[in-house]
Amino acid sequence: AGYRTGFFGKYQNGYSGTTKPPGWDDWFALHQLTYYNYDVNDNGTIKHYGSRSTDYSTDVLNSQVQEFIGASAATPGKPFFAYVAPKAPHSPATPAPRDQHTFDGLKAPRLPSFNEVDVSDKPPWIKSLPILTSNNIANINKRHENRVESLQAVDDLVGAVVGKLGEQGVLSNTYIVFTSDNGFHHGEHRVSSGKGRPYEESVRVPLVISGPAVPPPPAGQPRLSTDKLVLNTDYFPTFMELAGAQAQTPSYVDGRSLVPVLTPSATPPWRTAILIEGRKFSADPEIPVDVNYNAVRTSTGKYVEYEGGFRELYDLSPSADPFELTNTYYSADPTVSPRPERKARLDALRSCQPQDDPTTPEVEIPCRAAEDAP
């Protein structure tokens, strides 16, 4: 679409490529996912960064991104796209030297689900987890402290990017999308760490978007937000539309552009459910799960089917059980939502296919219809 493109940071787990992939004008991809002593593929040249303070990986990415913005903005009429993926706050969450000890003693979040006392309604692998000990909690707190300290350099990076865009006179015409790929447990439901479970701590991620079509909040008011269900598969079609290239978006793409919901007051037709999946024997050993599962998440609830037969059902309404403390699937309470409806919705989502997929003509439920069903 005529954009100058740059990639900076983590590409894939185990990445060791030595060439610049097609489609990128500027390629700066980490090999080892560490904060010091790592190699980088810099446009096809492998460079080593050592243990000096100036080698701290988040700061190196910061410099590279600012250089890219400066060079891109200097080309009139040439828009640019930068994908920035720092290592932080991944383990060991090493902070920059300037940020060490800045959050000493900080405790991890204490949600109502933290160190859950009664897990009798949870799956067997959760019920088998013991109550967290004081040592367990101290380790969780220390990890959280390190993560927050390591994120200060990411905060510096974001601030520097915004500042550079302003300096170059392009901030008002630039979209900034800040997000993550997964959540993380800090002792909720007795899970001391990890991200592979269907609970909210694992599957919810931050998403903040600013840009020309995003209205600023009224003076003195908190930033605007929406409760629409969003998936990371939505980013690609969103970027394509923002770039004016939506006509080139392949028809088989699962996600949908977020442009219609960037204005919180907008009420376009939107999905009412999303599919959550977990696979125990994943090709990526970084994301272990207890057993295979499929789940459907709606705006107010979640239904989970685990391999082996165990089921979970939660009412996530703010006034009900947003922290998933009470599994109502096995309840005889007549007010509990009919389970067959949840199962039918889940079955539709996990068996859907793109509407134009010629390899599965027998499938009658396209994915968009499965997501949008009332």
Are the side chains of [X] and [Y] in touch, meaning some heavy atoms are under 4.5 Å apart?
{"X": "T94", "Y": "N146", "value": "no"}
{"X": "R311", "Y": "R339", "value": "no"}
{"X": "V261", "Y": "P268", "value": "yes"}
{"X": "Q32", "Y": "N37", "value": "no"}
{"X": "T300", "Y": "L316", "value": "no"}
{"X": "L207", "Y": "L258", "value": "yes"}
{"X": "L349", "Y": "E371", "value": "yes"}
{"X": "T54", "Y": "Y49", "value": "no"}

Counting N and O atoms only, with roles assigned by atom type, does the side chain of [X] sit under 3.5 Å from a partner on the main chain of [Y], one being a donor and the other an acceptor?
{"X": "T5", "Y": "G23", "value": "yes"}
{"X": "R345", "Y": "A370", "value": "yes"}
{"X": "K78", "Y": "G2", "value": "yes"}
{"X": "T298", "Y": "T272", "value": "no"}
{"X": "R110", "Y": "A108", "value": "yes"}
{"X": "T328", "Y": "S331", "value": "no"}
{"X": "K10", "Y": "L30", "value": "no"}
{"X": "H31", "Y": "G17", "value": "yes"}
{"X": "D42", "Y": "K47", "value": "no"}
{"X": "N115", "Y": "L132", "value": "yes"}

Hey, any chance [X] and [Y] share a hydrophobic cluster, counting ILVMFWY side chains that come within less than 4.5 Å of each other, even indirectly?
{"X": "F8", "Y": "F80", "answer": "yes"}
{"X": "Y235", "Y": "F7", "answer": "yes"}
{"X": "Y83", "Y": "V208", "answer": "no"}
{"X": "V253", "Y": "V259", "answer": "no"}
{"X": "I46", "Y": "V40", "answer": "no"}

N/O donor-acceptor pairs under 3.5 Å from side chains in residues 157-172, not counting sequence neighbours:
{"residue": "K164", "atom": "NZ", "partner": "E167", "partner atom": "OE2", "Å": "3.4"}

Quick check for you: to the nearest 0.5 Å, what is the distance between [X] atom [atom1] and [Y] atom [atom2]?
{"X": "D254", "Y": "C352", "atom1": "CG", "atom2": "SG", "result": "7.0 Å"}
{"X": "N232", "Y": "D181", "atom1": "CG", "atom2": "CG", "result": "8.0 Å"}
{"X": "L242", "Y": "S257", "atom1": "CG", "atom2": "OG", "result": "6.5 Å"}
{"X": "E149", "Y": "T102", "atom1": "CD", "atom2": "OG1", "result": "4.0 Å"}
{"X": "F28", "Y": "T45", "atom1": "CZ", "atom2": "OG1", "result": "11.0 Å"}

- Query: Heavy-atom count around K127 NZ within 6.0 Å, excluding the residue itself: above 12?
  - Reply: yes

- Task: Return yes when atom CG of N173 has more than 12 non-hydrogen atoms of other residues, nucleotides or ligands closer than 6.0 Å, and no otherwise.
- Result: no

- Task: Evaluate the side-chain hydrogen bond (donor to acceptor under 3.5 Å, both in side chains) criterion for residues Q66 and N62: first the C-alpha distance (whole Å), next the side-chain angles of each, then the deciding distance (0.1 Å), finally the verdict.
- Result: CA-CA 6 Å; Q66 290 194 65; N62 191 344; 2.9 Å; yes

Looking at every non-hydrogen atom in both residues, tell me the closest pair between [X] and [Y] and how far apart they are.
{"X": "P130", "Y": "R190", "answer": "O-CD, 3.5 Å"}
{"X": "N41", "Y": "G44", "answer": "OD1-N, 2.7 Å"}
{"X": "N327", "Y": "L313", "answer": "OD1-N, 2.9 Å"}
{"X": "Y15", "Y": "A29", "answer": "CE2-CB, 3.5 Å"}
{"X": "S317", "Y": "P322", "answer": "O-CD, 3.4 Å"}
{"X": "F178", "Y": "V154", "answer": "CE1-CG1, 4.4 Å"}

Does the side chain of [X] pick up a donor-acceptor pair with the side chain of [Y] at under 3.5 Å?
{"X": "H185", "Y": "S192", "result": "no"}
{"X": "Y175", "Y": "T238", "result": "no"}
{"X": "R204", "Y": "N182", "result": "no"}
{"X": "T133", "Y": "N135", "result": "no"}
{"X": "D156", "Y": "Q152", "result": "no"}

Any ion pair linking [Y] and [X] (charged N to carboxylate O, less than 4.0 Å)?
{"X": "R271", "Y": "D234", "value": "yes"}
{"X": "E305", "Y": "K343", "value": "yes"}
{"X": "D59", "Y": "R98", "value": "yes"}

- Apply the test side-chain hydrogen bond (donor to acceptor under 3.5 Å, both in side chains) to residues R143 and S91: give CA-CA distance (whole Å), side-chain angles for both, the deciding distance (0.1 Å), then the verdict. CA-CA 8 Å; R143 183 183 66 227; S91 177; over 6 Å; no

- Message: Would you say the ring centers of Y35 and Y56 fall short of 6.0 Å from each other?
- Response: yes

- Task: Can you spot which of E116, E188, E324 makes a salt bridge (charged side-chain N to carboxylate O under 4.0 Å, His left out) with K122?
- Result: E116

- Message: Applying side chain to side chain contact (heavy atoms under 4.5 Å, CB included) to E201 and S113, what does each step give before you reach the verdict?
- Response: CA-CA 10 Å; E201 292 79 21; S113 53; 3.3 Å; yes

- Please name the residue in the list Y330, Y293, Y306, Y329 that meets the side chain to side chain donor-acceptor pair (under 3.5 Å) test with E312. Y306

Could you give the side-chain donor-acceptor pairs of residues 209-222 under 3.5 Å, partners two or more places apart or in another chain?
none

